[in-house]
Amino acid sequence: MIVEPITLSIKEELIEQIEIETVFTIPNTNISIDESTVVSWIIMAVITLFAIILTRNLKVEGKISRRQLLLETCVEKMQKFFHGIMGKDGDAYIPWLMSTAIFIGASNMVGLFGFKPPTKSLQVTAAMALTSIVLVQVAGIRKKRVGGYLKSFAKPSAVMLPINVLEIIIKPLSLCMRLFGNVIGAFIIMELIKCISVFKVGVSLAFSFYFDLFDGFLQAYIFVFLTSLYIQEAVE
């Protein structure tokens, strides 16, 4: 008799937390803006503001500040990481990959501040996966030209043509579902822990640091790592 209302309350709270609510509708249109889009705008605005602040008064010569030293060290480490995967041919795509990693990491981390992560919305992860695969195809066309790019679908033999064409759909789908599944799974586990834990504050804080920080940045790493692998395959 006691278990049923508790179970129902947990179920209702989970459904409420997972649902993406509409924040506002643009006047005189049927276009609605949901909370995942609004939170994404906030994240992009904060990242842009930090980028402007951190890149002010950078020097090419003379003594540099600790801030510039830290920035140059981080950029150099990331360049070495991507060079190890894509080689020098991938230099043009490193800024996009680094920006994507920062955005995904920040999106997964906003749960610490009481926001719903936008990456738990399928439309956000699908859009990111789609732009990622478009970038991969553009990289292949830039490197091989249109003729060489089209011929690459018949390699190593013409028998592989259907499979290689199907990969264009499979790759963004796998990127999308992997990111969405991991984020939504972690989010559901966190909400269950908050509902059933006696020591809600301590336990929730410990698991938040794992799912929102460690797992969040891990998902960002996996996303850009796979994208860079796809780019390397496209330009080799």
Side-chain angles (χ1 to χ4, degrees), residues 13-55 71 74-75 78 82 93-138 171-191 194 207-228 230-231:
E13 188 171 347
L14 275 175
I15 292 174
E16 181 182 351
Q17 291 295 328
I18 293 173
E19 285 181 346
I20 307 295
E21 299 177 357
T22 299
V23 178
F24 64 91
T25 302
I26 299 176
N28 302 322
T29 67
N30 293 323
I31 301 174
S32 58
I33 307 299
D34 59 31
E35 56 186 330
S36 63
T37 303
V38 174
V39 175
S40 296
W41 288 345
I42 295 172
I43 292 170
M44 288 187 287
V46 172
I47 291 175
T48 302
L49 180 61
F50 269 103
I52 293 172
I53 294 172
L54 292 175
T55 55
L71 287 174
C74 293
V75 171
M78 294 300 291
F82 288 117
Y93 312 106
I94 291 178
W96 187 90
L97 291 167
M98 292 176 65
S99 301
T100 302
I102 293 172
F103 176 77
I104 295 176
S107 296
N108 295 337
M109 192 176 63
V110 294
L112 291 173
F113 302 98
F115 293 99
K116 292 181 182 179
T119 42
K120 79 178 183 65
S121 171
L122 189 58
Q123 64 186 25
V124 174
T125 57
M128 296 187 65
L130 183 61
T131 55
S132 176
I133 295 305
V134 168
L135 180 69
V136 172
Q137 307 311 317
V138 170
K171 285 178 178 178
L173 183 63
S174 65
L175 281 174
C176 168
M177 299 310 295
R178 180 182 288 106
L179 180 60
F180 173 74
N182 280 286
V183 172
I184 197 70
F187 190 80
I188 290 173
I189 291 173
M190 274 301 306
E191 292 303 319
K194 291 177 183 177
F207 278 92
S208 286
F209 274 103
Y210 174 79
F211 287 115
D212 294 330
L213 292 180
F214 175 75
D215 188 62
F217 284 111
L218 179 63
Q219 298 309 319
Y221 167 82
I222 293 172
F223 189 94
V224 296
F225 176 76
L226 290 176
T227 303
S228 59
Y230 296 154
I231 293 174

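The first residue in the sequence is number 1, and the count goes up from there.
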So, for [X] and [Y], which heavy atoms are closest and what is the spacing to 0.1 Å?
X: P118; Y: V39; answer: CD-CG1, 3.8 Å
X: S228; Y: F82; answer: CB-CD2, 4.0 Å
X: K120; Y: F180; answer: O-CE1, 3.0 Å
X: P95; Y: S99; answer: O-OG, 2.8 Å
X: I43; Y: A106; answer: CG2-CB, 3.8 Å
X: T119; Y: T125; answer: O-CG2, 3.2 Å

Just how far is it from atom [atom1] of [X] to atom [atom2] of [Y], taken to the nearest 0.5 Å?
X: L54; Y: I47; atom1: CG; atom2: CD1; answer: 11.5 Å
X: L135; Y: T131; atom1: CG; atom2: OG1; answer: 8.0 Å
X: I104; Y: F223; atom1: CD1; atom2: CZ; answer: 4.5 Å
X: T100; Y: M98; atom1: OG1; atom2: CE; answer: 11.0 Å
X: I231; Y: W96; atom1: CD1; atom2: CH2; answer: 7.0 Å

- Query: Any side-chain heavy atom of L97 within less than 4.5 Å of one from M78?
  - Reply: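 They are not in side-chain contact.
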- Within a strict 4.5 Å, meaning less than it, do heavy atoms of the N108 and F217 side chains meet? no
- Message: Using the ring pair (Phe, Tyr, Trp, His ring centres under 6.0 Å) criterion, which residues pair with Y221? Sequence neighbours excluded.
- Response: F81, F225
- Sorted by first residue and then second, give each side chain to side chain donor-acceptor pair (under 3.5 Å) pair with at least one member in residues 37-52; sequence neighbours left out. D34-T37
- Message: Going by side chain to side chain donor-acceptor pair (under 3.5 Å), name the residues that satisfy it together with S107, two or more places apart in sequence or in a different chain.
- Response: none
- Query: Taking only residues two or more places apart in sequence, or in another chain, which ones meet T227 in a side chain to side chain donor-acceptor pair (under 3.5 Å)?
  - Reply: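 If we apply the side chain to side chain donor-acceptor pair (under 3.5 Å) test to T227, skipping adjacent residues, the hits are S132.
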- Query: Who are the side chain to side chain contact (heavy atoms under 4.5 Å, CB included) partners of V138, not counting sequence neighbours?
  - Reply: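 If we apply the side chain to side chain contact (heavy atoms under 4.5 Å, CB included) test to V138, skipping adjacent residues, the hits are V134, R142.
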Identify every side-chain donor-acceptor pair in residues 182-189 under 3.5 Å, counting partners at least two apart or on other chains, and give the distances.
from, atom 1, to, atom 2, distance (Å)
N182, ND2, R178, O, 2.7
N182, ND2, Q219, OE1, 3.4

